[in-house]
Amino acid sequence: MTFPPNRPTILIVDDTPGNIQILAQALLRDYEVLVSTNGPAALELLQAGHRPDLILLDVMMPGMDGHEVCRRIKADPATWNLPIIFITARDAVEDQQFGFNLGAVDYITKPFEVPLVLARVGVHIRLQQKSARLEKLAMLDGLTDIPNRRALDDLLDRECGRAARDGTPLAVLMIDIDHFKAYNDHYGHGVGDDCLRRVAHTLGAELHRPGDFLARYGGEEFCIVLPHCDTAGATQIAENLRAAVAALAIPHAHSSAAVHISISVGLCSRAIGPEPDCGPALLAAADEALYCAKRQGRNQVVGGKADSVIV
Ligand SMILES: [Mg+2]
């Protein structure tokens, strides 16, 4: 079954099929529903990549109880932020407190009233959606609408780990718009902002492989992460980017590098299997190559000679 992407998904974990049936029936009108009749099966669903927007978790189950399931979900970096509502017949204050301390967002006691369950689920789903939107906004650059520095740091960290595990190459490009301060000074900040947006859009449009990632690094600097990309590939992409920005033909009467807006690119790549924490070193090496490109007259690509060396 394929789920339409705009309906939130609720995972119900309960060892009593009757409970699952009542809950699922009530929830199916507004949500996609996944069910498990025991803790290990629920954890397996999550391990297989399912990411429900909310989990309704029975506390009393034979074998692994709901508290243990919750503990494991919260201990896994891939699932720790999934909201969990405990459903249980144990309504003593200490029991509820115990559940909240494990990281649950709410507590529903049995026998439950379906309209109240729906109301609570609705509240938590809306909260979840709002925080997901905020999280996304916090990762975007407001001016260019592309990922920001924080998003880059997160992604680079993940990609370095992946490249180290898989023994695959990884390349980083640092890009700087040539004489952008002079451009801003002479054409004004509004025109400068427009230029940043056009360059960002052009760089993004030149990246065709699914894992390629572009971020605004700050000011007039951009950074691109190219997984599965060796030096030759990265150099080709960098030259394509330089040509694409030149083809915009945005006049720049105060640049020593060209008569139009141009970019300098520094690149660094690791041939196979970098260390999992090599992100900062890759950035620093690409940045050094970028400075070299600037020193040599700008509007050019530098780096990529020492394929497996990080300075
Ligand atoms: Mg039970």
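Just so you know, ligand 1 is whichever comes first in the structure, and atom 1 is the first atom listed for that ligand.
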Is a side-chain N or O of [X] found less than 3.5 angstrom from the main chain of [Y], in a donor-acceptor match?
{"X": "Glu206", "Y": "Thr202", "result": "no"}
{"X": "Arg298", "Y": "Ala258", "result": "no"}
{"X": "Arg120", "Y": "Ile85", "result": "no"}

* To do: Sum up the protein N, O or S atoms located under 2.8 Å from the Mg ion (ligand 1).
  =>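 Of the protein's nitrogen, oxygen and sulfur atoms, 3 lie under 2.8 Å from the Mg ion (ligand 1).
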
* Asked: Is the distance between the ring centroids of Phe98 and His67 less than 6.0 Å?
  ->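 So the answer is yes for these two rings.
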
* To do: Find out whether Ile10 and Pro52 are in side-chain contact, i.e. whether some heavy atom of one side chain is under 4.5 Å from a heavy atom of the other.
  =>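 Ile10 does not reach Pro52 side chain to side chain.
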
* Is Asp178 salt-bridged to Lys294, cutoff N-O under 4.0 Å? -> no

